[in-house]
Amino acid sequence: MPYQAPVSEYQFIFDQVVPLAPVVANECFSEATQDLTDAVLNECGKMCDTVMAPLQRPGDLHPAKLENGVVRTPPGFADGYAAIAESGWVGISATPEHGGMGLPMALNTAMHDMMCGACISLNLCPLLSQGQIEALEHHANADLQALYLPKLISGEWTGTMNLTEPHAGSDVGALSSKAEPQADGSYKISGQKIFITWGEHDVAENICHLVLARLPGAKPGPKGISLFLVPKFIPNADGSLGARNDLRCVSLEHKLGIHGSPTAVMEFSGATGWLVGEEHNGMACMFTMMNNARLAVGMQGVGVAEGAYQHALAYAMDRKQGRAPIADGTGTIIDHADVRRMLAQMKADIFAARSIGVACAIAIDMAKATGDTDWQARAALLTPIAKSFGSDTGVAVADLGVQIHGGMGFVEETAAAQYLRDARITPIYEGTNGIQSMDLVARKMMDGGAAAFALMDDMEALASASNSDLAKAVLAAIAQLRATTQWVVAQELNERFAGSVAYQKAFARVLGGYFHLVASMSGQAKRQRLARVYINSLLPEAASLCAQAQAGAADLYALELDDFAA
């Protein structure tokens, strides 16, 4: 499955649309010069094109398997992971103190986009390790950091996140896994966890599990949960592997997509673990990992969308069908208006979602570099939008990719459907997109909408500098979003929740229009043409979404339960 990483697209975005320069101007990121950034993007792109992309199709056709208690990953995955680890990509944003590169989250975000476009199933392994690295950097004690971080950052060991239980999905506070204190300061962890991405595999020598569990006498609900680090093999003081721990993979899920990624059911039977952070503060520690993981999941969607788009474009440029409606056309189906409509929407939405993700990453970097509360608020505001719109875009673009293939898209041999199957999980995990929208209109609006209004102010300031028809359309959309936000913050929570998904989508649509406008102001003709497609054809959806957002909950709760019956 041919793939070309969007290196030049990121160079353009970092230069013209969501500049990386303000991040690099801070001392902690000063090494991320233009030369280094270009080198990172180019080297990552080469690895994606030559090492990871060839594993995309085999990973689907030869899924991970559990055999006699051992998980076997698809052919080539071990070598592919080794290439990722040996090149230092696992530690791209980790602290140099323990062997990381210390580069901005914006570059990490670009890396995940490109790697997921090449092979999302394989990329999930280093992605989870990065989340664990961040959680340990923020919350683990010095001894745990010294023992585990160098191995995780180098990729010698991998990390997982164990939250979900059969009876406790989105309601993590309902979990029942137990932790028993031991005399030596360790804990015995018992319980079952499900949906554990890369929970067991054969690509690295040790697997380190972050596990949520309850201590004796802990309060019910989220406030009684603690976080523990539970390795597959208990390391010796020098980092060498010691005894096998009391944990095992009891089964692998049979999934719709991402077949190459082993999704494990893990059983902990008095396994030895160590407390991370304070007792009963596990949710706060885990959210350090989850918040940036949500951005990464949004970029997974963008990456899969890029792969699906490239696959569909190649087909449209080759497939001959029907009479060409234009005299100077190619003679292939790309000459047809409806195929052009689908390809244009795919490309325009990918650019919008990618730019939103980069804007979120830049805000995270600026918050880290400056400690400024306004940047922290912007990063928090953009996170649910980036996750939801990126993942929704992955599904929508992959779906259009199947449509462009016509009947052949429904035939597995063309591989068009794999992108759709792979992308479908992204609106679900790391908090469903409905939960993201509830977070957006609740927690992220506890400031009365201040962070949202500040972002709109910035967009209006730039758009007002242009008298173009595109700028006027964007300004009108921002004004409508502002009025809708004012309505949202004036409502009770359940009224907000009823229209939260529509509000979240409207916000993303407007942000997309803004970023396309900025791109068009670069003077590049191709950027102007694509911006016109988005702003004229897709941005108008924001108006109907704003209306949906303000519909309230009354109509939903007026329905009787019998009304839902067949």
Side-chain angles (χ1 to χ4, degrees), residues 1-14 17-18 41-42 44-57 59-60 106-124 127 257-258 295-317 342-358 361 386-387 389-405 409 415-427 508 512 515-516 519 526-527 530 533-534:
M1 298 171 71
Y3 172 77
Q4 184 174 0
V7 172
S8 61
E9 194 76 351
Y10 268 102
Q11 289 171 329
F12 173 75
I13 290 174
F14 285 148
V17 183
V18 191
L41 292 174
N42 279 299
C44 184
K46 288 177 185 176
M47 190 192 65
C48 290
D49 297 351
T50 61
V51 176
M52 296 184 69
L55 300 175
Q56 166 80 346
R57 194 62 179 146
D60 189 60
L107 288 177
N108 196 353
T109 296
M111 180 197 77
H112 282 306
D113 178 349
M114 294 191 283
M115 286 189 178
C116 286
C119 184
I120 182 177
S121 289
L122 180 54
N123 179 66
L124 283 167
L127 187 154
I258 55 171
L295 170 58
V297 169
M299 300 316 291
Q300 287 178 32
V302 176
V304 175
E306 180 68 41
Y309 171 74
Q310 291 188 23
H311 200 67
L313 177 61
Y315 184 82
M317 294 286 286
M342 289 187 282
L343 287 168
Q345 179 175 335
M346 293 163 83
K347 189 171 182 64
D349 267 346
I350 290 169
F351 178 83
R354 181 171 283 141
S355 297
I356 292 170
V358 172
K387 192 277 182 182
F389 188 66
S391 57
D392 283 343
T393 295
V395 174
V397 167
D399 184 58
L400 286 173
V402 172
Q403 190 72 16
I404 287 171
H405 280 78
Q418 181 183 345
Y419 292 107
L420 181 56
R421 290 187 285 101
D422 285 350
R424 191 57 190 86
I425 185 59
T426 59
F515 288 125
H516 270 286
K526 68 176 183 178
R527 302 291 176 179
L530 190 63
V533 167
Y534 185 98

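Values below: all heavy atoms of this structure, side chains included; hydrogens, waters and symmetry mates excluded.
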By side chain to side chain contact (heavy atoms under 4.5 Å, CB included), which residues pair with [X], not counting sequence neighbours?
{"X": "Gln403", "value": "Met342"}
{"X": "Ile356", "value": "Ile385, Ala386, Phe389, Ala508, Leu511, Phe515"}
{"X": "Asp399", "value": "Leu420"}
{"X": "Ile425", "value": "Ile258, Ile428, Tyr429"}

### Task
Using ring pair (Phe, Tyr, Trp, His ring centres under 6.0 Å) as the criterion, list what pairs up with Tyr10, not counting sequence neighbours.
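Partners of Tyr10 under the ring pair (Phe, Tyr, Trp, His ring centres under 6.0 Å) test: Phe14.
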### Tyr534: ring pair (Phe, Tyr, Trp, His ring centres under 6.0 Å) partners, not counting sequence neighbours
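Listed in chain order: His516.
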Identify each donor-acceptor pair in which a side-chain atom of residues 301-309 lies under 3.5 Å from a protein atom, sequence neighbours left out, and give them as a table.
{"from": "Glu306", "atom 1": "OE1", "to": "Arg354", "atom 2": "NH1", "distance (Å)": "3.4"}
{"from": "Glu306", "atom 1": "OE1", "to": "Arg354", "atom 2": "NH2", "distance (Å)": "3.1"}
{"from": "Glu306", "atom 1": "OE2", "to": "Gln310", "atom 2": "NE2", "distance (Å)": "2.9"}

Run the side chain to side chain donor-acceptor pair (under 3.5 Å) test against [X] and tell me which residues pass, sequence neighbours left out.
{"X": "Gln345", "answer": "none"}
{"X": "Arg421", "answer": "Asp60, Glu412"}
{"X": "Ser391", "answer": "Asn433"}

### Query
According to the interplanar angle, ranging from 0 to 90°, do the rings of His311 and Tyr419 count as parallel (below 30°), tilted (30 to 60°) or perpendicular (above 60°)?
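It falls in the tilted class, 30° to 60°.
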### Message
Other residues, nucleotides and ligands only: do more than 12 of their heavy atoms fall within 6.0 Å of CD on Gln11?
### Response
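Counting neighbours around CD of Gln11, more than 12 heavy atoms of other residues, nucleotides or ligands fall under 6.0 Å, so yes.
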